[in-house]
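Here the structure is laid out as structure tokens; the discussion comes afterwards.
We name chains A, B, ... by the order of the sequence lines, and we start the count at 1 in each one.
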Amino acid sequence: MTDAQAAAPGAASVRPIILDGTSAPTWAADASSRPDEDLLDGLNPQQREAVTYRGQALLIVAGAGSGKTSVLTRRIASLLRNREAWPSQILAITFTNKAAGEMRERVEHLVGDSARGMWISTFHSACVRILRREAEQFGFTKSFTIYDSGDSRALIKRLVKEHEADAFGLTPAATQSRISKLKNELADAESYARTANMSDPAERVFVELFAAYQRELQRANAFDFDDLIGQTVFLFRAFPQVADVYRRRFRHVLVDEYQDTNHAQYALIHELTRPPGASTGSATGGRPLAGSGGMMIFEAPSTGSGTGEEDGASLTVVGDSDQSIYAFRGADIRNISEFEKDYPGATVVLLEQNYRSTQNILSAANAVISHNFDRKDKRLWTDVGEGEKIIGFTGYSQHDEAQFVADEIEALRRAGVDYSQIAVFYRTNSQSRALEEIFIRSALPYKIMGGTKFYERAEIKDALAYLVAVANPADEMAMRRIINRPRRGIGDVTIETIARYAVDQQITFRDALANSSALGVGPKIQAAIAHLDAVLAEASEIMLPASGELAPPTAVADGLQLLLNKSGYYDALRASKDAQDEARIENLDEMVAVAREFARNNPEGTLLDFLTEVALVSDADDLEDASGSVSLMTLHTAKGLEYDAVFVTGVEEDLIPHRISAGEPGGPQEERRLFYVGITRARKRLYLSLAMTRAQFGEVTVAMPSRFLQEIPLELLHWRQSPGDVNSRGGTQSRALNARRGGFGGSGSGSGKRYGDDLVPLARREPTGNLERFANKIPSKVRDNGDMELAPGDRIRHEDFGDGRVDAVTGEGAKRVAHVRFDTAGPKKLLIKIAPISKL
DNA sequence: AAACATGGCCTTTTT
DNA sequence: GGCCATGTTT
């Protein structure tokens, strides 16, 4: 979004009619001609109310799958269609960038181009936009850097070391999380010091660290994630006239996922929706009127709306306290539960009808969540019918469990369910590995959502640090990161020499490089420094042309390419013998491609825009679609999404509920909500799976079924293989060696309440095998069958599945896939290159 | 300064 | 099982 759009009509001088929302909308008498009639099609009465209600404050309590996104987008569309608001007067906050993109798309679909100029973004993105404009007001520049948690951890680590804070038991991680929590409460080092017990030396050191951290951020012209929100609030409070600009501008503020807002975000919303004008009093503005034929007519400024004062923006929040899963990062459920107190006169609309899931899935969800004692009772219902039973499965190991998931996905696929309509959830990111291994072997297309891996790779962080060094020369962290990458023979001693020189001369670290001859370092090192300085200077000419000029769209990509080439970064990787460095080159090429893609999508995008996007949209998956692939993600990432078929894996004690949260106040309840969120993502089919053993950092541990499983009524759940089946004597057989059970093997024998019992039919079991064998049956060494020639009819032997016959071979080269019918394990697809198979 | 070896720690979830 | 920090060697 450009500033030109941001400054669309109505920003300060023009104000459209705000309907008096205490009673029925003004067009109610003439329903037939209202321009938003079609927006109400297919909505139930509560949803209609949520779309059409006009007033200062509206809380929409939206149960899972109750159509809240639809309601929210239609509400925005109706404001626009009825000419109650200009696009530029709408601020909609979502939780993720992905959700923001989808909402924008849906609103555009409803109202077309007039959606342009709306702010639909996350809290963080919105605050960046505000801060970039206003940074000069309080000691920053608009080219500030955004520190992600990795960056701030690195900085804190350095400070902890410098302050020798570890002697007081302050680890970098603990310090970082404490600072983050405090910032979420809008505390700073001074205000915290006033309440802290300063006779405790550890407290004193912490306060010192906190203050030093904040100083360093300011010096580097940088904000961390929490600052983006907190400093915006600070800005609004310290400069009311600045705040008023935004208060006048945003007349309709809508916040999704309100149950997951923290105090700082709550305060921000409060500041934004407060009546403007207290500081300047010049509350004037023309008003556009809805004219026939879509013409806008502007009324002369009038004296306000009755009271003589301007109202605050109207606020709409949407949330569901049963889906609050971010307390760990400061989300305060009271924001939603006390909304009516915070906004007297607020109206509440309840959406309880679910349009997503079958009754069986909903009943299970209701049953689980009802175990949370501290909630208002709310029951989701549907009229789509019972649907399939929930399928349970217990694997012998995480790989066995993963194999079940893979097999079942193939079965769904054969039954006509598209891969893109299937998702696999897990509690912790590390669980994805076992699934990935099996999926790769099974040639099952998948996509990991939300894992920020790409941008966390060292080479990508290096590339970004080069860009930051150009964009924000004050950022010493970035400079320190790149100064010896690639190796230039510049070690700690030289770095400290430069840093000292910079302090002495009162210049930045970056500028100190320009005086390499004055540093008193050896000639080789001096030349290396001068070269780096020259490369950075050349790059900034490309990416940051002199004021007035506009950089060409390709500037960022070109500049990055130049930096990587002339710095010697590419050369160093190419010269390396390490096989991994080849992949690093590919990643960097990918990074350049991302920059070019960005230029295509944002022809006017600057280097800063690019860095902002990368910092805030850091998971690349938000940008790509997952069409044709199964989606893998954590339960947290799953919030807000829905799929025809959902697998919730690792439903074990110590995983969900996670062992760390078990002891925390409110922890088990939050974990239950997390499980609830997972369940309610499913439209038609839900699978709950677990493993009896799980390898956690080398060690194999025995896992117990999650307590949450017992909260699901027996009749809703069909165990394909229950925990009891697996625990029974003789039950340590690998599933892979068993005949395919085809949906009747387990026969629902186990129950959620009889784990470990021995009363399970054993007929189909074979007597061999032991637990260790299955604990980790994936060899870590890379296998390469790339050359194996296979043709339909060939007999093969697989390490786990036994003998089978090749039905067909598809794909090319490294991606050749064998379709094999195993004598006992049934049909499988195998990636030939890596499958543990041999020809017979 | 760089390359290599060892030992400790760990893992919750994310903008 | 892997990351990171520290220590040792060249």
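- Of the possible polar contacts, one joining the A:E653 side chain to the A:R707 backbone as a donor-acceptor pair under 3.5 Å is found.
- By the 4.0 Å N-to-carboxylate-O rule, A:K68 lies too far from A:D320 to be salt-bridged with it.
- Note: CD (A:Q176) to C1' (B:dT14) measures 12 Å, nearest angstrom.
- Taking atom OH on A:Y455 and atom P on B:dT15, their separation rounds to 14 Å, with Å as the unit.
- Note on A:E401 versus A:R694: salt bridge recorded, some NZ/NE/NH1/NH2 to OD/OE distance being below 4.0 Å.
- Judged by distance alone, with hydrogens and angles left aside, the side-chain atoms of A:N472 form a donor-acceptor pair with the main-chain N or O of A:A220 at under 3.5 Å.
- Atom CD of A:E164 has 12 or fewer heavy atoms from other residues, nucleotides or ligands within 6.0 Å.
- Rounded to whole Å, the P atom of B:dT13 lies 15 Å from the corresponding atom of C:dC4.
- Between the CZ atom of A:F225 and the P atom of B:dT15 there is a distance of 8 Å, rounded to whole Å.
- A:D226 has no carboxylate O lying under 4.0 Å from a charged side-chain N of A:K181, or vice versa, which leaves the two without a salt bridge.
- A salt bridge links A:R673 to A:E670: at least one charged side-chain nitrogen sits closer than 4.0 Å to a carboxylate oxygen.
- DNA chain B contains the following stems of three or more consecutive Watson-Crick or G-U pairs, with both distances under 3.5 Å: B:1-9 with C:2-10.
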Checklist line | Sequence-aligned protein contact record of nucleotides 8-13 of chain B, with B where the base is within under 4.0 Å of a protein heavy atom and S where only the sugar-phosphate is | finding: --BBBB
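- Residues passing the ring pair (Phe, Tyr, Trp, His ring centres under 6.0 Å) test with A:F425, sequence neighbours excluded: none.
- In this entry the distance linking CG of A:D226 with P of B:dT14 reads 16 Å, nearest Å.
- A donor-acceptor pair is defined here as one N or O able to donate and one able to accept, closer than 3.5 Å; no such pair exists between the side chain of A:E271 and the backbone of A:L268.
- Side-chain contact between A:L616 and A:L228 is present, with at least one heavy-atom pair separated by less than 4.5 Å.
- A donor-acceptor pair is defined here as one N or O able to donate and one able to accept, closer than 3.5 Å; no such pair exists between the side chain of A:D224 and the backbone of A:Y147.
- Remark: A:E496 pairs with A:R480 by the salt bridge (charged side-chain N to carboxylate O under 4.0 Å, His left out) rule, at least two apart or across chains.
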Under 3.5 Å, N/O pairs linking protein and nucleotides 1-3 of chain B:
residue: B:dA1; atom: OP1; partner: A:G491; partner atom: N; Å: 2.8
residue: B:dA2; atom: OP1; partner: A:G489; partner atom: N; Å: 3.4
residue: B:dA2; atom: OP2; partner: A:N484; partner atom: ND2; Å: 3.1
residue: B:dA3; atom: OP2; partner: A:R487; partner atom: NH1; Å: 2.6

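- A heavy-atom distance below 4.0 Å to DNA chain C is reached by these residues of residues 145-163 of chain A, ordered by number: A:K157, A:K161.
- The separation between A:I93 atom CD1 and B:dT15 atom C1' is 12 Å, rounded to whole Å.
- Remark: A:R132 does not engage A:D609 in a salt bridge, criterion side-chain N to carboxylate O under 4.0 Å.
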